[in-house]
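The structure appears below as structure tokens.
Note that this is a predicted model, so its numbers are computed, not measured.
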Amino acid sequence: MMATRDAMEKFLNECEQTIEYARGQLQESAKQEFYGMEEYSRAQQALEEKYNELMALYRSANAEQRERLHRMRLKIHSLQNEMTLLDLH
């Protein structure tokens with residue numbers, strides 16, 4: 001079942017909000033040099049949840065939607081990598 005245009009826009013907006021939240025937590029953690037923060041972990045979990053939702057939606061998307069979802073997937077994955085690297089230091 002293909003996602004409606006409104007549902008796709010709503011989902012992509014939710015992804016952007018999650019990315020903004022996670023990026024804020026990344027910047028805050030980098031400034032404080034404190035890596036065990038509960039909010040930081042929540043942000044990582046929120047990104048993972050959006051990534052999983054995205055992949056489920058991708059399977060039923062049309063070509064145009066898949067392109068938009070692919071770009072969003074790259075943004076989420078890049079931020080996940082940044083957060084993981086900060087965790088390791």
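- For the residue pair Arg73 and Leu54, the shortest heavy atom distance occurs at N-CD1, 3.7 Å.
- A donor-acceptor contact shorter than 3.5 Å links the side chain of Ser60 to the backbone of Leu57.
- For Arg68, the side chain to side chain contact (heavy atoms under 4.5 Å, CB included) criterion is met by Met8, Glu9, Leu12, Arg71, not counting sequence neighbours.
- We find the CD1-OH distance between Ile76 and Tyr51 to be 8.5 Å, quoted to the nearest 0.5 Å.
- Considering only residues two or more places apart in sequence or on other chains, Glu16 meets the salt bridge (charged side-chain N to carboxylate O under 4.0 Å, His left out) condition with Lys75.
- Counting heavy atoms from C-beta outward, His77 and Asn81 have side chains that approach closer than 4.5 Å.
- A distance of 11.5 Å separates CG in Leu85 from CE in Met83, rounded to the nearest 0.5 Å.
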Quiz: residues 17-25 side-chain donor-acceptor pairs under 3.5 angstrom, not counting sequence neighbours:
unit_1	atom_1	unit_2	atom_2	d
Thr18	OG1	Glu14	O	2.9
Tyr21	OH	Glu39	O	3.4
Tyr21	OH	Glu39	OE1	2.5

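- Of all heavy-atom pairs between Ala61 and Arg66, the closest is O-NE, 3.2 Å.
- For residues 52-65, the set of pairs meeting the salt bridge (charged side-chain N to carboxylate O under 4.0 Å, His left out) definition, not counting sequence neighbours, comprises Lys50-Glu53.
- Among residues two or more places apart in sequence or in another chain, the side chain to side chain donor-acceptor pair (under 3.5 Å) test is passed with Gln80 by Glu48.
- With sequence neighbours excluded, the residues that form a side chain to side chain contact (heavy atoms under 4.5 Å, CB included) with Gln45 are Glu49.
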